[in-house]
Number of protein chains: 2
Amino acid sequence: MRVRMTVAYDGTAYHGWQLQPGAVTIEERLNGTLSELFEEDIRVIGASRTDSGVHSYGTVAVFDTNTRMPAEKIMYALNQRLPEDIRIMSSEQCADDWHPRHCASKKTYLYRICSAPVPNPQYRLYAHQTRYRLDVERMNHAAQYLIGEHDFKSFCSTDSSAQTTVRTLYEAEVTSVQIPMAGEMITIRVCGNGFLYNMVRIIAGTLMEVGVGRMEPEQIETILKASDRCTAGPTAPACGLTLYSYEFL
Amino acid sequence: MRVRMTVAYDGTAYHGWQLQPGAVTIEERLNGTLSELFEEDIRVIGASRTDSGVHSYGTVAVFDTNTRMPAEKIMYALNQRLPEDIRIMSSEQCADDWHPRHCASKKTYLYRICSAPVPNPQYRLYAHQTRYRLDVERMNHAAQYLIGEHDFKSFCSTDSSAQTTVRTLYEAEVTSVQIPMAGEMITIRVCGNGFLYNMVRIIAGTLMEVGVGRMEPEQIETILKASDRCTAGPTAPACGLTLYSYEFL
C-alpha cells in the first residue's frame, strides 16, 4: 500500500530535507527509520524540499510498504523511533498512484521575526531576531502587491534552475502579536501555488526593508517588473522560515 | 564598581546555573567571558540557581570589576562574546554592597505545557508536551489554594536541605492560549518570596493531575496540610520551567 503522512520537524540540526551524501537530512532519517521498522527498503517521496535550518509543520510525504500495520497506526510506531525533532503528525492510506508532486497544491509558509532590544534565547532557533522596530502596517501594505500571478524572478535566488519564474500567490499578510518574553512576534504568511528557490526568504528580507523604512510599499511593484534579483531586499535567515501546510487541489 | 545584570538563557545545553566540576554551566560561562573581556578574575553572584535544562528570562547577577567601561555598555560587549543561548538583557551599576541574595525579593516563575495530539518539535525544548487535554479552569481553581503563607513541605523534593519549608505565594494562576502550530499552550504563573527545591515543578505536576481529573482542586489543601511529598503529584520536567523575573523589595 501507499501511505501518505504529514511530517513536522525542527530543521535546526539538519541539512534540509533532501538526501545528501555525508550530511544528515530529514529524508535520510525517514528512509532509515521506516526501513528498519518494516524490514524492507523504503524510500519516501516528499512534496517539496526545505533548505538547511528551515522548519516544517506540514510537509507531506508518501512511501510504499508491504506492512500489514494499519496506515493510521504507522505514525505512532514511527514517532517512537524517530528523534524528537521529527514528528509524524498523521498517516493514512492513499491511492497507489497518488504522487505529492504530480498534483496541484496550495502551499503555505510562515516567516517569523522577533523584534526586541535583546533577543530572548528561547526564540532564536525559530524566528529571525532583529533589534529594529518594524512597521507592520507598512509591511502588510507592501505584501498586498505580491498577491496574484506575477513573474517572481526578482524574488528568486540567481542559482535557481526553475523553467519558469511565474507563480501565483493567493494570500500574503503580515501580522504581529506581543509575546511575553519575546517582544513583538511578526508573522509573514504567504500561500501560493508554488515557490521559487529562496522566494519566501527574499520576500521576508524585502518586507523587512519596507518595515524599517528603507523601501516604500509601492516599490514592490517596481521590483516585480524589474525581473532582477538585485532590486529586491536580502535573503532573510533560514531559521525564521516554516513550511506550514499543504492543500492538494 | 559593582554591576548588576539581568541574564536570559536557554538552559537546554547547560547543567544549570551553578559552577560544577566537569560540567558546562551558566555561571561558568559568565565568569569565563567576563574575566576574558576585562582581563581580571571575575566571579558573578547569582540571585538564585536553576537546575539542568531549566530556562531563564530574568535571572539577576552581580559582579565587581575595575573596568572603566560604562556599566550600561557592558551588556553589548558581553553579548558579542557569549554563546547565543545566553543573553544579557540589561546591565547597570549598583551599590557596592548590594547583594542579590541578601535582600527580600519577589520571584516569578512560568511553567509552560503544550497540549496537542502530537507535539510540535518547535516547542519541545521550551514547554512540557502532553497528549492529554487539561482542564485549565480546574487547574486555576486548584492553584488558588496555594496562595498565601503555607508550609510547602509536600511540594519540596525530599533531598532538600532548606531550614524552613514555609514560603509565601503572592500569585498563582493558570491560563491558556491557542498557539498556531502548538495546540493549546498552558502557562502556570507563580510569584512568591522564595521557592523550595523543585517546588514549581511539583506544583506543575500536581496541577496537571488536577487538569486530567485524577485529583480534585480542593485536594491541594489536604496536600499542603499533609507536609508529605508523597501526597503531591510528580515533578514535572525541567524544560517547561522558566525563571521569569525578580522584583527586589
Side-chain angles (χ1 to χ4, degrees), chain A residues 5-14 26 29 54-59 72 75-76 78-80 82-91 108 110 112 114 116-127 129 131 175 177-183 185 187 189 239-245, chain B residues 5-14 26 29 54-59 72 75-76 78-80 82-91 108 110 112 114 116-127 129 131 175 177-183 185 187 189 239-245:
Chain A
M5 54 187 185
T6 311
V7 189
Y9 50 85
D10 171 353
T12 308
Y14 296 92
I26 306 290
R29 273 293 147 88
V54 172
H55 314 292
S56 174
Y57 186 63
T59 294
E72 314 77 55
M75 59 179 281
Y76 302 107
L78 275 176
N79 282 337
Q80 283 189 330
L82 283 165
E84 280 194 333
D85 50 8
I86 307 177
R87 290 291 96 178
I88 309 302
M89 308 306 272
S90 68
S91 60
T108 302
L110 305 182
R112 290 185 297 178
C114 265
V118 181
N120 178 350
Q122 282 193 22
Y123 290 90
R124 76 191 188 288
L125 304 174
Y126 310 107
Q129 307 288 333
R131 279 177 300 126
T175 53
V177 281
Q178 289 293 330
I179 292 199
M181 305 199 284
M185 175 76 88
T187 302
R189 181 193 177 95
C239 68
L241 186 61
T242 298
L243 169 52
Y244 181 63
S245 67
Chain B
M5 53 186 187
T6 312
V7 188
Y9 50 84
D10 171 352
T12 308
Y14 297 92
I26 306 290
R29 273 292 147 90
V54 171
H55 314 293
S56 174
Y57 186 64
T59 294
E72 313 76 56
M75 59 180 281
Y76 302 106
L78 274 175
N79 283 337
Q80 283 188 330
L82 283 165
E84 279 194 332
D85 51 7
I86 307 178
R87 291 289 95 178
I88 310 301
M89 308 305 273
S90 68
S91 60
T108 302
L110 305 182
R112 290 185 296 178
C114 266
V118 182
N120 178 349
Q122 283 193 21
Y123 290 91
R124 77 191 188 287
L125 304 174
Y126 311 107
Q129 308 288 334
R131 280 178 298 126
T175 54
V177 281
Q178 289 293 329
I179 292 198
M181 306 197 284
M185 175 77 87
T187 302
R189 180 194 178 93
C239 67
L241 186 60
T242 299
L243 170 51
Y244 181 63
S245 68

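Chain letters run A, B, ... following the sequence lines, proteins first and then strands; every chain starts at 1.
Across every non-hydrogen atom of Asn79(A) and Val118(B), the tightest pair is ND2-CG1, 3.9 Å. Minimum heavy-atom separation, Tyr126(B) to Pro121(A): OH-O, 4.3 Å.
With a threshold of 4.5 angstrom between heavy atoms, Arg189(B) does not approach chain A through any atom at all. At a 4.5 Å heavy-atom cutoff, Tyr76(B) makes no contact with chain A through either its backbone or its side chain. Contact of Leu110(A) with chain B is made through the side chain alone, with heavy-atom distances under 4.5 Å.
Side-chain contact between Arg87(B) and Asn120(A) is absent, with no heavy-atom pair separated by less than 4.5 Å. The side-chain heavy atoms of Arg124(B) and Asp85(A), taken from C-beta on, include a pair separated by under 4.5 Å.
To the nearest 0.5 Å, atoms CG (Asp10(A)) and OH (Tyr123(B)) are separated by 11.5 Å.
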